Amino acid sequence: MTEAYGVDSEVGPLRTVMLHRPGNELRRLTPRNNDKLLFDGIPWVGRAQDEHDAFAQALRDRDVEVLYLGNLLTEALADPEGRATAVAGAIEDLRLGDTLRDYLRTALTALDPAELAEALMAGVRNDEVRAGGLVTSLLAHEDFLIDPLPNLLFTRDSSVWIRDSVAVTSLAMPARVRESQLTELIYRFHPRFAGADKVYDHQLEHVEGGDVLALGPGVLAVGVGERTTPAGVERLAQRVFAKDLAHTVLAVPIAQQRATMHLDTVCTMVDVDAVLMYPNMAEEMRALAVTADGDQLHVAEPEPFLVAAAKALGIDTLRRIDTGLDPVTAEREQWDDGNNTLALAPRVCIAYERTVETNARLEESGIEVIRISGSELGSGRGGPRCMSCPVLRAPIAG
């Protein structure tokens, strides 16, 4: 029996969240592969784990149930069909060739669920197998046959709940494609999510969860840029309108600068009528309101983002709280994920402690800030919102 899950806003009291504790996949990062795997640096894994444990404890201290992606994946792999699906997805890479693919199919199928989950997340190196054949002979010992997934840390990107339906997203970067395959396995085969309604899947046009903000019941804002495509927003809008999960989707073009790949790197909500925004981009941000017109989509003319958002929410205005105190400080703190806060309830959020000026501005605006350390967690360019996939939020009272 499926438990009741759902999210209809960014700030409704958080009840259940999915995290991924950093593991051996981060230990696979080297100066040779970190760019390909989308990390700016090589994190100190033990410290990253300590920081993540403190993050999870901060959530539990506010009565939030914490689910771990690795545990959910292991439990989902107890299902024989789930195991077969997982193995097939892991070995479909055309680089492998038939001989190596057959070897890996047999070897992975022989693993128990925990071992298989570890292989899927941390990857498999050429020197860790004895497959024989031409392909392994020509590859370097340290080459990966199955790539590690260090970005699993950012559970926000591979799935997002829209009201009582889950969107398993389609990740744009090759290094992250398998993340949403694993997330889909969890929602499909884990007993906890049996029968969960799905509004999107990983084989559709590119949409990433960091670009999807539930501004309020029935209103989504979706960033369009490096990761989420115009076609992805169109497909998502068609699907949420067909299921009556939203009445308005705001398509928000994101000017591509370094560290601004998702909408939630420049804008997150901290109250029902307040957003934290990166001021160096805020004035230029526009939104196109998309609504349903029968079976067709109606696309309005671009408007300033805050104006379009307030109209869609049916309120007079959205309060804007700026990152930093001046353009230089704002740029530094945005780089340090100052905009990437996670709301636990209206006027309560978790933020990295290092974004000192932004946190001070939040508190001056009546927002309680729960500070966490992120010196190592931030090496993948993601903050508390990136590291969390809300599975259940309570409706906002009143």
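Owing to the predicted nature of the structure, the values given are computational and were not obtained by experimental measurement.
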* Strictly by modelled atom types, are Gln57 and Asp61 linked by a side-chain donor-acceptor pair under 3.5 Å? -> yes
* Asked: Under 3.5 Å, side chain of Asp8 to main-chain N/O of Asp164, donor-acceptor pair present?
  -> no
* Asked: Distance-only, no hydrogens or angles: does the Ser9 side chain make a donor-acceptor pair with backbone N or O of Ala214 under 3.5 Å?
  -> no
* Asked: For Arg371 and Glu363, what are the C-alpha separation, side-chain angles and deciding distance, and is it a salt bridge (Lys or Arg N to Asp or Glu O under 4.0 Å)?
  -> CA-CA 12 Å; Arg371 292 165 171 80; Glu363 289 177 330; 2.9 Å; yes
* Structure fact -> Closest non-hydrogen contact found for Ser388 with Phe55 is CB-CZ, 4.3 Å
* To do: Taking the side chain as every heavy atom from C-beta outward, state whether Phe241 and Leu297 have any pair of such atoms under 4.5 Å apart.
  => yes
* Is a side-chain N or O of Arg101 found less than 3.5 angstrom from the main chain of Ile91, in a donor-acceptor match? -> yes
* To do: List in chain and number order the residues that pass side chain to side chain donor-acceptor pair (under 3.5 Å) with Asp147, two or more places apart in sequence or in another chain; answer none if no residue qualifies.
  => none
* To do: Might you work through the side chain to side chain donor-acceptor pair (under 3.5 Å) test for Ser373 and Glu51, ending with a clear yes or no?
  => CA-CA 6 Å; Ser373 177; Glu51 292 173 352; 3.3 Å; yes
* **From Arg83, His190, Glu115, residue fulfilling side-chain contact (heavy atoms from CB on, under 4.5 Å) relative to Leu77** => Arg83
* List the steps and the verdict of side-chain contact (heavy atoms from CB on, under 4.5 Å) for Lys311 and Glu303. => CA-CA 10 Å; Lys311 284 184 180 179; Glu303 290 186 290; 2.5 Å; yes
* To do: Keeping the roles fixed (side chain from Thr228, backbone from Glu208), state whether a donor-acceptor pair exists under 3.5 Å.
  => yes
* To do: Return yes if some donor-acceptor pair links the side-chain N/O of Arg21 with the main-chain N/O of Tyr68 below 3.5 Å, else return no.
  => no
* In terms of ring plane angle, is the pair Tyr187 and Trp161 parallel, tilted or perpendicular, where the classes change at 30° and 60°? -> perpendicular
* Asked: With a 4.5 Å limit on heavy-atom distance, are the side chains of Pro279 and Thr323 in contact?
  -> yes
* Ser365 (side chain) donor-acceptor with Ile367 (main chain) under 3.5 angstrom -> no
* Decide yes or no on salt bridge (Lys or Arg N to Asp or Glu O under 4.0 Å) for Arg176 and Asp157, but give the supporting numbers first. => CA-CA 10 Å; Arg176 303 196 66 182; Asp157 290 334; 2.7 Å; yes
* To do: Among residues two or more places apart or on two chains, list those pairs meeting side-chain hydrogen bond (donor to acceptor under 3.5 Å, both in side chains) that have a residue in residues 242-253.
  => Asp197-Lys243
* Between Leu236 and Val249, is any pair of side-chain heavy atoms under 4.5 Å apart? -> no
* After noting the C-alpha distance and the side-chain angles of His20 and Glu25, does the key distance pass the side chain to side chain donor-acceptor pair (under 3.5 Å) rule? -> CA-CA 11 Å; His20 177 64; Glu25 67 280 351; 2.9 Å; yes
* Applying the 4.5 Å side-chain criterion to the ILVMFWY set and letting contacts propagate, would Tyr103 and Leu139 be lumped into a single cluster? -> yes
* Asked: Can any side-chain N or O of Arg286 pair as donor or acceptor with the backbone N or O of Glu283 at less than 3.5 Å?
  -> yes
* When you look at Arg47 and Glu376, which way does the salt bridge (Lys or Arg N to Asp or Glu O under 4.0 Å) test go after all the steps? -> CA-CA 7 Å; Arg47 178 62 58 83; Glu376 298 302 314; over 6 Å; no
* **CA sep, side-chain torsions, deciding dist, call: Arg319, Asp271, salt bridge (Lys or Arg N to Asp or Glu O under 4.0 Å)** => CA-CA 9 Å; Arg319 293 184 291 137; Asp271 198 359; 3.0 Å; yes
* To do: Decide yes or no for Val17 and Val66: does some side-chain heavy atom of the first lie under 4.5 Å from some side-chain heavy atom of the second?
  => yes
* Any Arg188 side-chain heavy atom under 4.5 Å of Val168 side chain -> no
* To do: Check whether any side-chain heavy atom of Val275 sits under 4.5 Å from a side-chain heavy atom of Leu213, and report yes or no.
  => no
